[in-house]
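Everything on this sheet refers to the single structure shown next.
Excluded from the calculations below are hydrogen atoms, water molecules and symmetry mates; all remaining heavy atoms, backbone and side chain alike, are included.
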Amino acid sequence: LASTWEMSPNGTTGWIDACTYPWDTSSLSVEIRNGHQILITEISTNTPDVKIDQLKILSGGELKVNSTAELHLNNGTGIDLFVQGTFYDQGSSSGGNGVSFLDDAKWILDAGGTIIKSGNSSVIDYKDNFEGGIANIPATAHWVYRKETTVLPSIVTNGMFYPNLYFEDTYTGGATYVLAGNTDFMTVKGSLFVGDTGQAVIVNNNNNFSTPMKVFGNVSIGTSSTYK
């Protein structure tokens with residue numbers, strides 16, 4: 001909704017109510033500030049629902065992409081998605097929903113930022129389009145896989161680097177996550193949390209690459225949860 005937003009000619013002063021919601025052709029950059037929560041939902045007249053560039057989610061801000069919505073990140077000047085706050089991706093694999101990085105658009109997860117993935121749209125673009133390579137993701141950030149419906153979120157393992165990594169189930173409990181793959185190993189630069197919050201979960205590490213998964217921090221397994 002346009003009423004959610006304000007606009008400024010320089011991003012510092014002269015703020016007025018926006019006449020429309022941000023789009024890459026009508027904005028140089030977009031900021032979601034501390035205390036603000038934005039939800040992208042399906043807009044039947046738009047494909048994608050939102051197309052944007054130089055999007056910054058500042059500390060304390062949150063952007064959530066609904067399961068039936070499409071967010072396209074255009075490759076313009078600078079970093080196309082900067083997550084200092086929380087980016088919540090509920091995207092579903094059906095109909096091309098979720099987040100797309102256009103023309104090699106880049107993103108950064110800041111040292112205190114959080115990404116939550118709960119839908120089953122692909123997450124491989126997060127790995128392939130991280131600025132400077134996914135190995136540079138900060139260990140102190142947070143990456144949450146969360147089952148909140150009957151559908152498990154998609155997971156990427158081969159050659160993937162994670163910060164603090166969480167496997168959660170806020171639905172009915174008993175979610176079974178499978179870490180598959182055979183061409184490369186997975187690295188957790190922070191700590192690994194299995195079912196520490198919400199319901200109990202099971203994580204099966206079925207990756208059979210010759211080098212095992214590496215966890216540089218601690219491993220915490222919640223009550224009734226299992227890692228094997």
Gap separating the CG atom of N120 from the CG atom of L152, nearest 0.5 angstrom: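 Answer rounded to 0.5 Å: 9.0 Å.
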Nearest 0.5 Å, please: how far is CZ in F209 from CG in D184?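 D184 atom CG to F209 atom CZ measures 5.0 Å (nearest 0.5 Å).
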Side chains of [X] and [Y]: does their closest heavy-atom pair fall under 4.5 Å?
X	Y	value
V215	S191	no
S100	H72	yes
I79	E131	yes
N97	S121	no

For the residue pair W107 and F82, is the inter-centroid distance of their aromatic rings smaller than 6.0 Å?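 They do not qualify: ring centres at least 6.0 Å apart.
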Under the salt bridge (Lys or Arg N to Asp or Glu O under 4.0 Å) rule, collect the residues that match up with D80, sequence neighbours excluded. none
Would Y126 and F101 count as a ring pair (Phe, Tyr, Trp, His ring centres under 6.0 Å) if you check the C-alpha gap in whole Å, the side-chain angles of each, and the deciding distance to 0.1 Å? CA-CA 8 Å; Y126 289 112; F101 293 81; 5.7 Å; yes
Is there a donor-acceptor pair under 3.5 Å between the side chain of N129 and the backbone N or O of A105? yes
Exceeds 12 heavy-atom contacts within 6.0 angstrom, atom CG of N208: yes
Counting heavy atoms not belonging to K189, are there more than 12 under 6.0 Å from its NZ? yes
